[in-house]
Amino acid sequence: SIKDAFDAPLTLPCIAPRHLLVLNGEKDPRCPLEGLQQSLAATKEAYERLDGQERLRVYIQEGVGHMMTKQMWEKIDDFFTATLSSNGKRKRQAQL
């Protein structure tokens, strides 16, 4: 079915080797840890195959369900600061 063709184990690896941050609560009933681990296994394989392991970030927060926490927002902020500022630096250097 179309649902199976676009499930996370098939779609997340397609992002490689671009920057990717995956956030999840350990107890999220909408995205159970077992399914997330299957998706991450396929995704990590794709990133390794394309030599992009340093661009993949994963944060699974213990004891958290389907919600965003302060710690998750901090991870997002850190991720964007690291990825956007380094991309901006490369663009500026290319213009010189």
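Only a predicted model underlies this, so the values are computations on that prediction, with no experimental measurement involved.
Atoms NE2 and CG, from H66 and D28 in turn, are 5.5 Å apart once rounded to the nearest 0.5 Å. Here the straight-line distance linking atom NZ of K75 with atom OG1 of T69 works out to 10.0 Å at 0.5 Å rounding. Rounding to the nearest 0.5 angstrom, the gap separating the OG1 atom in T43 from the CD1 atom in I15 is 7.5 Å. Note that the CZ atom of F79 and the CG atom of L23 stand 9.0 Å from one another [nearest 0.5 Å]. With rounding to the nearest 0.5 angstrom, the CD1 atom of I60 is 9.0 Å from the SG atom of C31.
When all heavy atoms of P9 and A42 are compared, the pair lying nearest together is O-CB, 3.6 Å. Nearest heavy atom pair, residue Q53 against residue R57, reads O-NH1, 4.3 Å.
A side-chain donor-acceptor contact under 3.5 Å links Q61 and Q71.
Put simply, L20 and W73 are part of two different groups of oily side chains (I, L, V, M, F, W, Y) that touch within less than 4.5 Å, one to the next. Linking Ile, Leu, Val, Met, Phe, Trp and Tyr residues whenever their side-chain heavy atoms come within less than 4.5 Å places Y59 and F80 in a single cluster. Under a hydrophobic clustering in which Ile, Leu, Val, Met, Phe, Trp and Tyr are joined whenever their side-chain heavy atoms come within less than 4.5 Å, directly or via other members, L12 and L33 fall into the same cluster.
Residue E62 places its CD atom among 12 or fewer non-hydrogen atoms of other residues, nucleotides or ligands, all under 6.0 Å distant.
Y47 places a side-chain N or O within donor-acceptor distance of the main-chain N or O of R18, the cut-off being under 3.5 Å.
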Test log, rule side-chain contact (heavy atoms from CB on, under 4.5 Å), inputs M72 and V64: CA-CA 11 Å; M72 289 178 179; V64 173; 4.2 Å; yes
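Counting only heavy atoms from C-beta outward, the side chains of V22 and L36 approach each other to under 4.5 Å. By the 4.5 Å heavy-atom criterion applied to side chains, R55 and T83 are not counted as neighbours.
Using a cutoff of 4.0 Å between basic side-chain nitrogens and carboxylate oxygens, R49 and E45 are scored as salt-bridged.
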